[in-house]
J.: 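Dropping the structure in here first, questions after.
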2 protein chains.
Amino acid sequence: MARDGAQTRRSEIVRLATTTGLASVDELSDHLGVTASTIRRDLAKLTAQGKLARTYGGAMPLTHPTEASLRQRLGEAFTAKQAIARWAVSVIESGETILLDAGSTTTALAQVLKDAGDLTELTVVTAGLSTMGALAETDGIDVIALGGRLRTMSQAFVGPLAESAIARLSFDRAFMGADSVHPERGICEADLEQTLLKELMMSRAAHTYVVAHGAKLGKSPFHAWAVMPPRWTLVTDESADPVAVHAFRDSGVEVIIARHSAD
Amino acid sequence: MARDGAQTRRSEIVRLATTTGLASVDELSDHLGVTASTIRRDLAKLTAQGKLARTYGGAMPLTHPTEASLRQRLGEAFTAKQAIARWAVSVIESGETILLDAGSTTTALAQVLKDAGDLTELTVVTAGLSTMGALAETDGIDVIALGGRLRTMSQAFVGPLAESAIARLSFDRAFMGADSVHPERGICEADLEQTLLKELMMSRAAHTYVVAHGAKLGKSPFHAWAVMPPRWTLVTDESADPVAVHAFRDSGVEVIIARHSAD
DNA sequence: CAGGTAGTGCGCGATTCGTGCAATGGTGCG
DNA sequence: CGCACCATTGCACGAATCGCGCACTACCTG
């Protein structure tokens with residue numbers, strides 16, 4: 001606390017808050033030998049800088065900023081994704097090995113899966129950071145990460161390491177995310193590297209499910225496509241355009257329309 | 001909001017808080033058509049259930065509970081780990097490919113690395129979930145995850161997938177964590193599976209650094225050991241017992257003692 | 001129909017928050 | 001060396017928030 005204690009004290013506050021998980025104004029003012037007023041001022045500054053979050057009697061560490069964008073995407077069409085996730089989890093049976101692709105819909109699936117306690121001895125292979133995080137430390141589920149270079153945007157694993165990992169695995173079911181889905185072209189992504197990997201994933205699965213809510217059907221926002229296996233199932237929700245759904249069924253694709261639950 | 005809106009409303013509160021990141025009491029009471037009192041009561045219940053965290057004027061999503069234990073471990077001997085991390089980062093040069101083992105000390109290293117802006121074109125291979133999370137979305141750093149089964153306790157990748165991934169890589173420097181270090185026996189871990197993997201990591205690195213603060217020196221809490229390469233460097237801090245340090249130097253191990261910084 | 005349970009709105013005292021104001025200490029310039 | 005200047009801190013006061021008790025309603029149950 002020698003020369004300019006202000007900056008040092010703020011670092012110390014951040015440290016205490018992030019390590020203990022919660023630091024009260026009283027504790028801080030006592031521990032650092034300054035008035036509660038000063039602590040409040042510090043907390044205001046640190047909150048403005050985005051270094052921690054303010055609570056009623058003190059401060060707590062901030063939720064990881066990278067999760068924010070994901071939460072937001074998960075929030076869009078939430079009920080649709082929730083419905084799709086519930087249907088998907090309902091077809092999974094104990095003892096199976098399943099693949100979870102990266103994406104917000106598959107993350108919703110992971111969250112539902114975590115809370116569905118009736119499944120045991122499940123092995124879940126995750127291709128994304130967020131799905132892995134959602135399932136970490138879930139009893140009865142072995143989580144296996146694909147590995148590879150971490151694609152900044154989608155928090156997904158890509159690259160040769162991911163490809164070679166897939167070559168050593170196979171799955172009872174693969175749940176694929178998509179930027180958009182087309183009846184004949186299949187899964188559309190922004191990145192070619194991504195689509196190649198998705199093809200490999202699907203080729204190793206006994207059955208492939210593409211989870212995509214209504215708004216993703218029939219669009220072609222990008223120009224990288226993943227070739228689909230001969231048989232696959234599209235899981236969408238009741239917001240899907242019946243015409244679009246019909247187009248998929250005409251192409252021989254099994255289509256499941258998940259109902260939004262009553263609650 | 002038909003029959004028993006209470007439960008539904010609370011789910012909705014959780015949803016809004018987790019998706020928007022922050023929900024104020026006023027917004028919630030307005031959006032849900034109930035008094036601020038009721039919202040407060042709900043927030044109290046939900047906080048007690050551990051479903052979200054209370055802030056001054058509202059609520060926010062909870063920091064992931066798995067991070068809590070890590071934060072705590074990082075908090076123990078914080079200054080020591082910080083000093084070690086700073087020294088370690090100072091030897092890294094632009095363009096290198098480095099390996100970061102799992103563990104709290106290596107996570108501290110990752111955090112320092114993230115804030116050290118003067119390095120470019122770095123490739124960091126991470127063997128743990130926390131180190132990966134700390135480096136995600138850092139400019140100038142390619143993050144590569146090892147992959148494999150996620151060990152619940154240490155949040156580390158283990159198993160055949162991790163081993164085969166390592167076989168395809170090599171590193172300029174490997175920074176290894178350890179439960180404890182011994183001058184002749186090397187790295188001690190709770191798990192044999194873990195030690196085998198660590199040996200493989202070190203065998204692929206041009207140079208191996210073991211980052212371990214003073215308290216970890218010379219102990220033998222478990223009975224699984226990783227055989228060390230012929231040359232390796234122990235990076236510890238000034239809290240290390242000089243006698244223990246001497247033992248390492250006698251065994252031909254290079255020992256770096258990181259000074260705790262002045263601030 | 002009586003009784004119990006859960007939920008809600010309202011109002012009050014207690015706590016906490018934010019800010020203006022004066023005092024202190026360190027810094028730079030003439 | 002003197003002096004103006006700036007940042008920081010402590011203190012006090014008005015404002016906002018919080019927690020809780022109380023009364024009322026709705027619903028289920030015996």
Side-chain angles (χ1 to χ4, degrees), chain A residues 1-63 65 68 79 115 261-263, chain B residues 1-63 65 68 79 115 261-263:
Chain A
M1 327 284 179
R3 261 241 309 281
D4 192 354
Q7 209 59 27
T8 307
R9 186 185 58 238
R10 297 201 185 101
S11 313
E12 182 70 3
I13 289 175
V14 172
R15 192 181 74 77
L16 285 174
T18 51
T19 53
T20 66
L22 180 71
S24 79
V25 171
D26 283 339
E27 284 172 4
L28 289 172
S29 79
D30 181 62
H31 180 54
L32 298 170
V34 290
T35 325
S37 276
T38 305
I39 298 295
R40 276 186 245 280
R41 264 188 282 257
D42 289 339
L43 294 185
K45 271 199 179 66
L46 293 169
T47 305
Q49 292 174 19
K51 294 190 176 176
L52 46 79
R54 197 68 213 282
T55 69
Y56 185 60
M60 59 179 295
L62 208 51
T63 60
T79 44
D115 294 335
S261 81
D263 73 3
Chain B
M1 326 272 186
R3 260 242 308 285
D4 192 355
Q7 210 58 28
T8 307
R9 188 185 57 241
R10 296 198 186 105
S11 312
E12 182 70 3
I13 289 176
V14 172
R15 192 180 74 77
L16 285 174
T18 52
T19 52
T20 65
L22 180 72
S24 79
V25 171
D26 282 339
E27 285 171 3
L28 289 172
S29 78
D30 181 62
H31 179 55
L32 298 170
V34 290
T35 327
S37 283
T38 305
I39 298 294
R40 276 186 243 280
R41 263 188 285 256
D42 289 340
L43 295 185
K45 271 199 177 65
L46 293 168
T47 304
Q49 291 174 21
K51 293 189 177 177
L52 47 79
R54 197 70 213 280
T55 68
Y56 184 59
M60 59 178 293
L62 207 51
T63 61
T79 43
D115 293 335
S261 80
D263 74 4

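Sequence lines set the chain letters: A, B, ... in the order given, protein chains first and strands last, and positions in each chain run from 1. Basis for what follows: all heavy atoms, side chains included, without hydrogens, waters or symmetry-related copies.
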J.: May I have the distance from Asp42(A) (atom CG) to dT16(C) (atom C1'), rounded to whole angstrom?
T.: 17 Å
J.: Looking only at side-chain atoms of Asp26(B), point me to the closest of dT17(D), dT9(D), dG7(C).
T.: dT17(D)
J.: In whole Å, I'd like the distance from the CD atom of Glu27(B) to the P atom of dT17(D).
T.: 12 Å
J.: CZ of Arg10(A) versus P of dA7(D): gap in Å, rounded?
T.: 12 Å
J.: Do the non-hydrogen side-chain atoms of Glu27(B) and Thr20(B) ever get within less than 4.5 Å of each other?
T.: no
J.: About how many Å separate NE2 of His31(A) and CG of Asp26(A), when rounded to the nearest 0.5 Å?
T.: 14.0 Å
J.: Hey, mind stepping through Val14(A) and Thr18(A) against side chain to side chain contact (heavy atoms under 4.5 Å, CB included) and telling me if it holds?
T.: CA-CA 6 Å; Val14(A) 172; Thr18(A) 51; 4.2 Å; yes
J.: In this structure, how many angstroms lie between the P atom of dT19(C) and the CD1 atom of Ile39(A), rounded?
T.: 17 Å
J.: Just how far, in rounded Å, is P of dG10(D) from CG of Leu28(A)?
T.: 14 Å
J.: Can you name the atoms? Protein N/O to nucleotides 19-24 of chain D N/O, anything below 3.5 Å, with the distance.
T.:
residue: dG19(D); atom: OP2; partner: Arg54(B); partner atom: NH1; Å: 3.3

J.: Only one of Arg10(B), Arg54(B), Lys51(B) forms a salt bridge (charged side-chain N to carboxylate O under 4.0 Å, His left out) with Asp42(B), so which one is it?
T.: Arg10(B)
J.: Starting from C1' on dA7(D), measure out to NZ on Lys45(A) and report it in whole angstrom.
T.: 9 Å
J.: Respond yes when some side-chain nitrogen or oxygen of Thr38(B) is under 4.0 Å from OP1 or OP2 of dT8(C), and no when none is.
T.: no
J.: Rounded to the nearest angstrom, tell me the gap between atom CD1 in Ile13(A) and atom C1' in dT8(D).
T.: 14 Å
J.: Is Arg15(B) salt-bridged to Glu12(B), going by a charged N under 4.0 Å from an acidic O?
T.: yes
J.: Measure CG/Leu32(B) against P/dG9(C) and give the value in whole Å, please.
T.: 11 Å
J.: I'd like to know whether Leu52(B) forms a side chain to side chain contact (heavy atoms under 4.5 Å, CB included) with Leu43(B), so could you lay out the CA-CA distance, the side-chain angles of the two residues, the decisive distance to 0.1 Å, and finally the verdict.
T.: CA-CA 8 Å; Leu52(B) 47 79; Leu43(B) 295 185; 4.2 Å; yes
